[in-house]
Amino acid sequence: MAMETSAESPVPVRTVLQAVSGWIGRLGRIWVEGQITDLNARGGTVYLTLRDPVANMSVRVVGPRAVFEAAGPAVTDGARVVVHAKPDFWINRGTFSLSVLEVRPVGVGELLARLERLKRVLAAEGLFRPERKRPLPFLPGKIGLICGRDSDAEHDVLENARRRWPAVAFRVENTAVQGSYAVGEVMEALRALDADPEIEVIVIARGGGAMEDLLPFSDEALVRAVAAARTPVVSAIGHEQDSPLLDLVADVRASTPTDAAKKTVPDVREQLQLVRQLRDRGRRCLAGGVQRELAWLAAIRSRPALADPVREVERQSERVLALRDRARRCLSGALDRAGDELSHTRARLLALSPAATLERGYAIVQREDGAVVREAAGVAEGERLHVRLAGGRLGVTVDEHGGS
């Protein structure tokens, strides 16, 4: 329960410390995992700091020497252990510590099992997906390198990179690459390089070592920091057979620090050779194209139309004249046929014309409205009729006798 206090009715320090001690005492005995630092034995008591490498927090641990000796020689600085302890709060000094009852070193098999569980969790979150990985620039302007101070990894990366491209620039961040401080220092160097706008690639390199020595590069906090970096990261940890989780989350995995230099920086000799090859290929293509065009031009010039242009004009002129004569013959024949057809048609029209019938002495009788009289019975007495003859027209009147 919360204390009831105010400015008018404060509680003394002892009351606060006693309450804190009571709250901590209710935790009971607990199992705690961490990494040993500052191990110190004085008399029959061992003092150490148990550090959480992910959160960069620590707690003071005190226990009998016999408890630590029972855990074996593996319990040393930098070792990961699981301790069974009782939380204690010293009221007189206001300090918190763990009183150890049992210590168990974390074995390799257990570490591998934990790494496998962490690997499955991170894979489920998609941190290892290939589509997340970014390509490296062809020729980075400046490369960030995270490695141990004066280490073989630093020498291999710098030497091989400068041998491949002498003008390459580096910003080197030296950190601890094993032990309890490795994760924090590598993460801090990663943040510094990632914030530098001149850095285009970050290489994290370390030489080979035992599996326990490479554990910092499988730390969850470091893996997530690499996944969140905006700059492409190259992992070059250990040798070919080593595979920390950093290899899976990095944009490019190099088998060794030397391989990291090869994958990060192009070889100037190879590039110059490639330029020469491309230049020679371009020359061959250009020369071949010119030769093909020259051959085409020579073939065109050798054609009769260009070798004797007047002859082609004369040939075309002869063709025009022949076409003209042919057109004239066709037109003349068509006119003659049309004239003959017209004469025949005229003769038929004359033969069938009523005027020809009238010439033979016949006449056409019409009423005043122009209707032709075909029968005598259809004419009334006294009706006016017109008679059309071959030589003109007559007006007649009908009588009952059929005369006029």
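Just so it is clear, the values below take in all heavy atoms, side chains as well, and ignore hydrogens, waters and symmetry mates.
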Chemist: Considering residues, nucleotides and ligands other than Phe96, do more than 12 of their heavy atoms fall under 6.0 Å from its CZ?
Modeler: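 Yes - once you tally the heavy atoms of other residues, nucleotides and ligands closer than 6.0 Å, there are more than 12.
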Chemist: Between the main-chain N or O of Gly148 and the side-chain N or O of Ser151, is there a donor-acceptor pair closer than 3.5 Å?
Modeler: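 Between the backbone of Gly148 and the side chain of Ser151 there is a qualifying donor-acceptor contact (under 3.5 Å).
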Chemist: Of all heavy-atom pairs between Gly207 and Leu214, which one has the smallest distance, and what is that distance?
Modeler: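 What the structure gives for the nearest pair is O-CD2, 4.1 Å.
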Chemist: Decide whether a cation-pi geometry holds between Arg51 and Tyr181; the criteria are a distance under 6.0 Å from NZ or CZ to the six-membered ring centre and an angle within 45° of the ring axis.
Modeler: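 Ring-cation test returns yes.
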Chemist: Say whether, by atom type as modelled, one donor and one acceptor occur between the side chain of Glu383 and the main chain of Ala380 under 3.5 angstrom.
Modeler: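 Yes, the answer is positive, given that a donor and an acceptor are paired below the 3.5 Å cut-off.
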Chemist: Assess whether side chain to side chain contact (heavy atoms under 4.5 Å, CB included) is satisfied between Asn40 and Val46, documenting all intermediate values.
Modeler: CA-CA 6 Å; Asn40 184 21; Val46 174; over 6 Å; no
Chemist: Taking all non-hydrogen atoms of both residues into account, name the closest pair between Ala260 and Val234 and its distance.
Modeler: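 Closest heavy-atom pair between Ala260 and Val234: CB-CG1, 4.1 Å.
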Chemist: Does a side-chain heavy-atom distance below 4.5 Å link Ile143 with Val203?
Modeler: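 Yes, at least one pair of side-chain atoms sits under 4.5 Å.
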Chemist: Under a 3.5 Å distance rule, please check whether Ser218 uses its side chain to pair with a backbone N or O of Leu245 as donor and acceptor.
Modeler: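 Checked: pair present.
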Chemist: Looking only at heavy atoms, which two atoms of Val172 and Cys147 are closest? And how far apart?
Modeler: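 Shortest heavy-atom contact: CG1-SG, 4.1 Å.
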Chemist: Does Arg276 have more than 12 heavy atoms from other residues, nucleotides or ligands lying within 6.0 Å of its CZ?
Modeler: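 Correct, the count exceeds 12.
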Chemist: Strictly below 4.0 Å, N to O, side chains only: are Arg269 and Asp267 in salt-bridge contact?
Modeler: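 Yes, charged N to carboxylate O under 4.0 Å.
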Chemist: Look at atom CD of Glu375 and say whether more than 12 heavy atoms of other residues, nucleotides or ligands are closer to it than 6.0 Å.
Modeler: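 For Glu375, atom CD is not crowded (no more than 12 foreign heavy atoms under 6.0 Å).
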Chemist: Is a side-chain N or O of Glu200 found less than 3.5 angstrom from the main chain of Gly141, in a donor-acceptor match?
Modeler: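 Pair found, side chain donor or acceptor close to backbone of Gly141.
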Chemist: Under 6.0 Å from the CZ atom of Arg230, do we count more than 12 heavy atoms belonging to anything else shown?
Modeler: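 More than 12 within 6.0 Å, yes.
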Chemist: Could you go through Ile202 and Leu145, starting from their C-alpha distance and side-chain angles, then the distance that decides it, and tell me whether this counts as side chain to side chain contact (heavy atoms under 4.5 Å, CB included)?
Modeler: CA-CA 6 Å; Ile202 298 174; Leu145 175 60; over 6 Å; no
Chemist: Quick check against the 3.5 Å criterion: does Arg132 have a side-chain atom that pairs as donor or acceptor with the backbone of Val249?
Modeler: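 Here the side-chain-to-backbone pair does not exist.
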Chemist: Looking at Arg224 and Glu125, is there a salt bridge between them, counting it only when a charged N and a carboxylate O are closer than 4.0 Å?
Modeler: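 Between Arg224 and Glu125 there is a salt bridge, with a charged N closer than 4.0 Å to a carboxylate O.
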Chemist: Please check this pair: side chain of Asp77 against backbone of Leu39, looking for a donor-acceptor N/O pair closer than 3.5 Å.
Modeler: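 Checking the backbone N and O of Leu39 against the side chain of Asp77, a donor-acceptor pair under 3.5 Å is found.
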Chemist: Where the side chain of Lys263 meets the backbone of Arg253, is there a donor-acceptor pair that is under 3.5 Å apart?
Modeler: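 Checking the backbone N and O of Arg253 against the side chain of Lys263, a donor-acceptor pair under 3.5 Å is found.
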Chemist: Backbone N or O of Thr49 within a donor-acceptor pair of the Thr37 side chain at under 3.5 Å?
Modeler: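 Yes.
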Chemist: Salt-bridge test for Asp251 and Lys133: reply yes if a basic N is under 4.0 Å from a carboxylate O, no otherwise.
Modeler: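 Answer for the salt bridge query: no.
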Chemist: Where do Leu222 and Val186 land on the side chain to side chain contact (heavy atoms under 4.5 Å, CB included) test, with the steps shown first?
Modeler: CA-CA 8 Å; Leu222 178 58; Val186 172; 3.7 Å; yes
Chemist: Does any non-hydrogen side-chain atom of Glu188 lie less than 4.5 Å from one of Glu185?
Modeler: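 Not touching, per the 4.5 Å side-chain cut-off.
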Chemist: Is it true that atom CH2 of Trp31 has more than 12 heavy atoms of other residues, nucleotides or ligands lying nearer than 6.0 Å?
Modeler: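 More than 12 heavy atoms, drawn from other residues, nucleotides or ligands, come within 6.0 Å of this atom.
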Chemist: Give a yes or no on whether a salt bridge exists between Arg171 and Glu198, defined as a side-chain N under 4.0 angstrom from a carboxylate O.
Modeler: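 Looking at Glu198 together with Arg171, the answer is no, because their closest N to O distance does not fall below 4.0 Å.
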Chemist: Taking Asp280 first and then Arg284, would you say they form a salt bridge - that is, a charged N and a carboxylate O separated by under 4.0 Å?
Modeler: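 Judged by the 4.0 Å cut-off on N to carboxylate O distance, Asp280 and Arg284 do not form a salt bridge.
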Chemist: Arg65: what forms a salt bridge (charged side-chain N to carboxylate O under 4.0 Å, His left out) with it, not counting sequence neighbours?
Modeler: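 With sequence neighbours excluded, Arg65 shows a salt bridge (charged side-chain N to carboxylate O under 4.0 Å, His left out) to no residue whatsoever.
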Chemist: Roughly how far, to the nearest 0.5 Å, is CD of Glu173 from CD1 of Ile199?
Modeler: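 CD of Glu173 is found 8.5 Å from CD1 of Ile199.
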Chemist: How close do Pro232 and Pro135 get, counting heavy atoms only, and between which atoms?
Modeler: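 Answer, listing the atom of Pro232 first, then Pro135: CG-O, 4.1 Å.
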Chemist: Would a 4.5 Å heavy-atom cut-off, applied to side chains only, mark Ile36 and Thr76 as touching?
Modeler: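 In short, these two side chains do not touch, never coming nearer than 4.5 Å.
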Chemist: Within the distance-only criterion (no hydrogens, no angle test), does the side chain of Asn160 pair as donor or acceptor with the backbone N or O of Ala261 below 3.5 angstrom?
Modeler: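 Not at all, since once roles are kept as given, no pair shorter than 3.5 Å links the two residues.
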Chemist: Could you give the distance from CZ (Arg279) to CG (Leu274), rounded to the nearest 0.5 Å?
Modeler: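 Nearest 0.5 Å value for the CZ-CG distance: 11.5 Å.
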Chemist: Could you check whether any side-chain N or O of Arg388 sits under 3.5 Å from a backbone N or O of Ile364, counting only pairs where one atom can act as donor and the other as acceptor?
Modeler: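 Between the backbone of Ile364 and the side chain of Arg388 there is no qualifying donor-acceptor contact (under 3.5 Å).
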Chemist: Between Ile91 and Gln18, is any pair of side-chain heavy atoms under 4.5 Å apart?
Modeler: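 Yes, at least one pair of side-chain atoms sits under 4.5 Å.
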Chemist: Mind listing the closest non-hydrogen atom pair of Ala236 and Thr256 along with its distance?
Modeler: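 Looking at all heavy atoms of both residues, the closest pair is CB-O, 3.8 Å.
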Chemist: What I'd like to find out is whether the side chain of Leu190 reaches to under 4.5 Å of the side chain of Val226, using heavy atoms alone.
Modeler: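 Yes, close enough: below the 4.5 Å cut-off.
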Chemist: Rounded to the nearest 0.5 Å, how far apart are NZ of Lys262 and CG of Asp156?
Modeler: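 Between Lys262 NZ and Asp156 CG, I get 10.5 Å after rounding to 0.5 Å.
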Chemist: Would you compute the distance between atom OG1 of Thr397 and atom CZ of Arg384 and round it to the nearest 0.5 angstrom?
Modeler: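 The CZ atom of Arg384 is 4.0 Å from OG1 of Thr397, to the nearest 0.5 Å.
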Chemist: Could you check whether Glu154 and Asn174, counting side-chain N and O atoms only, form a donor-acceptor pair closer than 3.5 Å?
Modeler: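 A pair is found: one side chain offers a donor N or O, the other an acceptor, under 3.5 Å apart.
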Chemist: Let me confirm one number: the CD1-CG distance from Ile30 to Leu101, rounded to the nearest 0.5 Å.
Modeler: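 Separation between the atoms: 10.5 Å.
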Chemist: Taking side chain as C-beta onward, heavy atoms only, is Tyr47 less than 4.5 Å from Arg60?
Modeler: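 Counting from C-beta outward, Tyr47 and Arg60 do come under 4.5 Å.
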Chemist: Is the NZ or CZ atom of Arg206 positioned over Phe217's six-membered ring, under 6.0 angstrom from the centre and within 45° of the axis?
Modeler: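 The answer is no; the distance or angle limit is not met.
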Chemist: Phe68 versus Leu48: any side-chain heavy-atom pair under 4.5 Å?
Modeler: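 They are in contact (side-chain heavy atoms under 4.5 Å apart), so the answer is yes.
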Chemist: Please report the interatomic distance CG(Leu193) to OG1(Thr231), rounded to the nearest 0.5 Å.
Modeler: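 The OG1 atom of Thr231 is 8.0 Å from CG of Leu193, to the nearest 0.5 Å.
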Chemist: Answer yes if the side chains of Asp88 and Ser99 hold a donor-acceptor pair under 3.5 Å, and no otherwise.
Modeler: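 Yes - a donor-acceptor pair under 3.5 Å links their side chains.
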Chemist: Would you please test Val373 and Arg367 for side chain to side chain contact (heavy atoms under 4.5 Å, CB included) and show each step?
Modeler: CA-CA 7 Å; Val373 178; Arg367 300 179 189 277; 3.9 Å; yes
Chemist: Which pair of heavy atoms, one from Val177 and one from Ala205, lies closest together, and at what distance?
Modeler: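 That would be CG1-O, 4.4 Å.
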Chemist: Would you check if Val121 and Glu220 make a side-chain contact, meaning some heavy-atom pair closer than 4.5 Å?
Modeler: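 Heavy-atom side-chain distance check fails, nothing below 4.5 Å.
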Chemist: Could you note down all residue pairs passing side-chain hydrogen bond (donor to acceptor under 3.5 Å, both in side chains) where residues 316-343 supplies at least one of them, sequence neighbours left out?
Modeler: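 Applying side-chain hydrogen bond (donor to acceptor under 3.5 Å, both in side chains) to every pair that reaches into residues 316-343, excluding sequence neighbours, yields Glu312-Gln316.
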